[in-house]
Amino acid sequence: MQEVYAFLKKCGTYFLSTLEGDQPRVRPFGTICLFEGRLYILTGKRKPVSRQIAANPRVELCALEGRKWLRVAATLVEDDRLQAQQAMLEDYPELQHVYRPGDGNTQVFYLKDATATFSTYTQPPHIIRF
């Protein structure tokens, strides 16, 4: 999992895919946090992505760095504890003007039952499950 975290952190931006009904929705994300041995992401409860995750928590992340890319298929689990929100915002202080722990909007999720696949054009895929 540390390898996945390091790659996503290095990329800075990755893309999160959800479903809205039967329509895929993809958007850039930039938050990833390692907290209590789990990978976390952050969004706002007022955003459509929050409603999409509530309806179907199965998502995929995709990131590219040079000629190596990562796809992560996982189920997102909401963690409404203030400690989890605080950990995320400590890693991303630039978001503290938009999000605050316990503000009713800040929402963090951890990745569960994840399968991460690192790929290149020249090597076989490297798979990590966590």
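Model, not experiment: these values are computed from the prediction.
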Exercise. Any chance you could measure L76, atom CG, to N56, atom CG, to the nearest 0.5 Å?
Key: 9.5 Å
Self-check item: Side chain to side chain, F118 and F7, heavy atoms closer than 4.5 Å
Solution: yes
Exercise. Taking the side chain as every heavy atom from C-beta outward, state whether L42 and F29 have any atom pair closer than 4.5 Å.
Key: no
Self-check item: Exercise: identify the closest heavy-atom pair between A116 and F130
Solution: CB-CE2, 4.2 Å
Quiz item: So, for Y121 and W69, is the gap between ring centers shorter than 6.0 Å?
Solution: yes
Practice problem: Kindly compute the distance separating CZ (R51) from CD (E20), expressed to the nearest 0.5 Å. | Solution: 8.0 Å
Self-check item: Stepwise side-chain hydrogen bond (donor to acceptor under 3.5 Å, both in side chains) test for Y99 and N105
Solution: CA-CA 7 Å; Y99 298 108; N105 182 44; 5.0 Å; no
Practice problem: Say whether V108 and V98 are linked into one hydrophobic cluster, either directly or through other cluster members, by side-chain heavy-atom distances under 4.5 angstrom. | Solution: yes
Quiz item: Could you give the distance from CG (L82) to CD (Q86), rounded to the nearest 0.5 Å?
Solution: 6.0 Å
Quiz prompt | Heavy-atom pair with the smallest gap, counting every atom of L64 and G66 | solution = CD1-O, 3.5 Å
Quiz item: Under 3.5 Å, is there a donor-acceptor pair between the side chain of E60 and the main chain of A74?
Solution: no
Quiz item: Are the side chains of R81 and F35 in touch, meaning some heavy atoms are under 4.5 Å apart?
Solution: yes
Self-check item: Exercise: identify the closest heavy-atom pair between M1 and G37
Solution: CE-O, 2.8 Å
Quiz prompt | Side-chain heavy atoms of I32 within contact of Y92, under 4.5 Å | solution = yes
Quiz prompt | Chi angles and distances behind the side chain to side chain contact (heavy atoms under 4.5 Å, CB included) call for Y14, T31 | solution = CA-CA 9 Å; Y14 59 89; T31 57; 4.2 Å; yes
Self-check item: Student check: side-chain heavy atoms of I41 and L111 closer than 4.5 Å
Solution: yes
Quiz item: Which is it for L39 and Y110 under the side chain to side chain contact (heavy atoms under 4.5 Å, CB included) test, yes or no, and what are the steps along the way?
Solution: CA-CA 5 Å; L39 288 181; Y110 65 85; over 6 Å; no
Quiz item: Out of curiosity, K68 NZ to S119 OG, how far, rounded to the nearest 0.5 Å?
Solution: 9.5 Å
Exercise. Could I get the full list of side-chain hydrogen bond (donor to acceptor under 3.5 Å, both in side chains) partners for R27, not counting sequence neighbours?
Key: T18, Q52
Quiz item: Atom CG of L95 and atom CE of M88: how far apart are they, to the nearest 0.5 Å?
Solution: 9.0 Å
Quiz prompt | Step-by-step side-chain hydrogen bond (donor to acceptor under 3.5 Å, both in side chains) determination, Q85 to T106 | solution = CA-CA 7 Å; Q85 294 175 15; T106 301; 4.8 Å; no
Self-check item: Heavy-atom side-chain proximity of R58 to L19 below 4.5 angstrom
Solution: no
Practice problem: Evaluate the side chain to side chain contact (heavy atoms under 4.5 Å, CB included) criterion for residues F109 and V59: first the C-alpha distance (whole Å), next the side-chain angles of each, then the deciding distance (0.1 Å), finally the verdict. | Solution: CA-CA 11 Å; F109 297 91; V59 301; over 6 Å; no
Quiz item: What distance separates D80 CG from Q107 CD, expressed to the nearest 0.5 Å?
Solution: 9.5 Å
Practice problem: Please identify each residue that fulfils side-chain hydrogen bond (donor to acceptor under 3.5 Å, both in side chains) with E3, with sequence neighbours left out. | Solution: H126
Quiz item: With a 4.5 Å heavy-atom cut-off, do V4 and I128 have their side chains touching?
Solution: yes
Quiz item: How about L61 and L8: do any of their side-chain heavy atoms sit closer than 4.5 Å?
Solution: yes
Quiz prompt | Residue K9 excluded, over 12 heavy atoms near NZ under 6.0 Å | solution = yes
Self-check item: Trace of the side chain to side chain contact (heavy atoms under 4.5 Å, CB included) decision for E78 with K45
Solution: CA-CA 11 Å; E78 184 175 5; K45 289 183 180 181; 3.6 Å; yes
